[in-house]
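Just so it is clear, the model here is predicted, and its values are computed rather than measured. Lettering follows sequence order; numbering is per chain, from 1.
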Protein chains: 2
Amino acid sequence: MTTKKFDSYSHLLDRTARRVKGYAQQRFTTGNFDVTVDQWLILKSLDDDRYLKQKELAELTGKDNPTLTRIIDLLCKKGLTERVMHKDDRRSFTVHLTEPGKAKLLELSPRVNEIRMKAWENLTEHDYEQLKTILNKIYQNLEP
Amino acid sequence: MTTKKFDSYSHLLDRTARRVKGYAQQRFTTGNFDVTVDQWLILKSLDDDRYLKQKELAELTGKDNPTLTRIIDLLCKKGLTERVMHKDDRRSFTVHLTEPGKAKLLELSPRVNEIRMKAWENLTEHDYEQLKTILNKIYQNLEP
DNA sequence: AACTAATAATTAGTATGACAACTAAAAAAT
DNA sequence: ATTTTTTAGTTGTCATACTAATTATTAGTT
């Protein structure tokens, strides 16, 4: 495979990811979801009454510490999450959903799924699996 | 196809796009390329001595006007591009490469291609075509 | 021709993302 | 046990996105 062809995939990937996020954000906004797409991702990761350290959240979501600090700041300000002292490690705390946070998750889940579906019109389950496989391989190829 | 599965593709896409950009940016930085990945995308779009309006650049790159204004500001400050008055439309100007800009493009092109290749280890040309097709369909499905 | 609507670019405000520097606390090494 | 090294989280800075509002100019309408 020649190098020349690879001019474009990165741009394509970037452009598509931005549109997917942008489309969802727009629907979030018009639907008065009161959270951003990235905040939603954190909420979803905290499902099932989990108490996660920021470090664990970072790994789950692929975001870095400063970004998480800020997103969690915003979620706490909205009253959707809480920081709780870690009993064994005083450097860290655990993040978990408040009652309003759990309610928000329950309320928005089906609506978010519905929004996410829109991207997949005219695509098959096989396409979905293919995409997943390829993206994961790329992700691993660039593992730090 | 159930809605439930679609929780994850958007995150996967986002995460992968960020890693691809991040990996390239790191190599750009250590290689003293003196441009960011996004600035590079603009330079590349201006190849072949093209004079493009910001509006046209926005469509090519999938970025919006404010973002382009700032990227072009930075490129102009670095002396790699110039803004030239549009002869027919005094609202707009055209952007084009300066001589140093053209030199930068020539110098970096092969090095960027080499960097981009890294993501494709263990992936085939067929994978590449598949990914392109799927991403383009998603992009079009979410057309505003 | 005067008025209105649309367009190109900019500016301002907020959120995210990468990186570096920093603080505090825990773990490892001697 | 004291020192050194790691680790968790925060803060600061800059670049990128998205939205909304602004300005200047052009296009369309009557």
Side-chain angles (χ1 to χ4, degrees), chain A residues 11 14-30 33-42 51-59 61-78 83-95 142 144, chain B residues 11 14-30 33-42 51-59 61-78 83-95 142 144:
Chain A
H11 172 216
D14 190 60
R15 195 180 74 154
T16 308
R18 261 183 296 122
R19 177 163 288 184
V20 165
K21 193 184 206 164
Y23 173 76
Q25 186 58 61
Q26 221 164 21
R27 300 277 308 262
F28 274 37
T29 303
T30 62
F33 285 19
D34 269 327
V35 287
T36 67
V37 171
D38 295 288
Q39 289 162 17
W40 170 252
L41 176 61
I42 304 299
Y51 286 64
L52 293 179
K53 298 203 292 184
Q54 173 178 305
K55 196 74 191 171
E56 295 166 333
L57 270 172
E59 266 162 44
T61 58
K63 297 179 185 297
D64 62 357
N65 283 351
T67 302
L68 270 176
T69 294
R70 277 149 194 152
I71 294 178
I72 293 169
D73 280 351
L74 291 169
L75 285 173
C76 287
K77 203 183 294 179
K78 290 179 186 181
R83 285 182 168 107
V84 178
M85 277 303 165
H86 194 286
K87 47 191 169 309
D88 303 324
D89 187 342
R90 290 198 309 175
R91 284 171 308 182
S92 61
F93 49 76
T94 53
V95 185
L142 303 182
Chain B
H11 172 218
D14 191 61
R15 196 180 72 154
T16 309
R18 262 185 294 124
R19 176 163 288 184
V20 165
K21 193 183 207 165
Y23 173 77
Q25 185 59 61
Q26 221 164 20
R27 299 277 308 262
F28 275 38
T29 303
T30 63
F33 285 17
D34 269 328
V35 287
T36 67
V37 171
D38 295 289
Q39 289 162 16
W40 169 252
L41 175 62
I42 304 298
Y51 286 64
L52 294 179
K53 299 203 292 183
Q54 174 177 307
K55 197 74 190 171
E56 296 166 332
L57 270 172
E59 266 162 44
T61 58
K63 295 179 185 299
D64 59 2
N65 283 350
T67 301
L68 270 176
T69 294
R70 277 151 196 150
I71 294 179
I72 293 168
D73 280 351
L74 291 169
L75 284 172
C76 287
K77 203 181 295 179
K78 291 179 184 181
R83 286 184 168 105
V84 179
M85 277 301 166
H86 194 287
K87 46 190 171 307
D88 302 325
D89 188 343
R90 292 196 309 175
R91 284 171 308 183
S92 61
F93 50 76
T94 54
V95 185
L142 302 182

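B:Lys63 has a side-chain polar atom (N or O) that falls below the 4.0 Å cut-off from OP1 or OP2 of D:dA17. OP1 or OP2 of D:dT16 has at least one side-chain nitrogen or oxygen of B:Gln39 nearer than 4.0 Å. The side chain of B:Arg83 contributes no N or O atom lying less than 4.0 Å from OP1 or OP2 of C:dA8. Between C:dA15 and A:Lys78, no contact under 4.0 Å exists linking OP1 or OP2 to a side-chain N or O. For A:Lys21, a side-chain nitrogen or oxygen approaches OP1 or OP2 of C:dG17 to under 4.0 Å. Neither OP1 nor OP2 of D:dT19 sits under 4.0 Å from any side-chain N or O of A:Thr29.
Both B:Leu74 and A:Gln26 sit near DNA chain D, but only B:Leu74 has its closest nucleotide nearer the 5' end. Across the interface with DNA chain C, nearest-nucleotide mapping of A:Gly62 and B:Thr69 shows B:Thr69 to be the residue nearer the 5′ end.
Across B:Leu57, B:Leu68, B:Ile42, a single residue satisfies side-chain contact (heavy atoms from CB on, under 4.5 Å) together with B:Val95, and that is B:Leu57.
At a threshold of 4.0 angstrom between heavy atoms, the contacts of A:Ser92 are confined to the sugar-phosphate backbone, with no base atom among them.
For B:Arg91 against C:dT7, a side-chain-to-base donor-acceptor contact under 3.5 Å is present.
Of the charged side-chain nitrogens involved, at least one lies within less than 4.0 Å of a carboxylate oxygen, so that A:Arg18 and A:Asp14 count as a salt-bridged pair.
Checked against side chain to side chain donor-acceptor pair (under 3.5 Å), B:Ser92 has no partners two or more places apart in sequence or in another chain.
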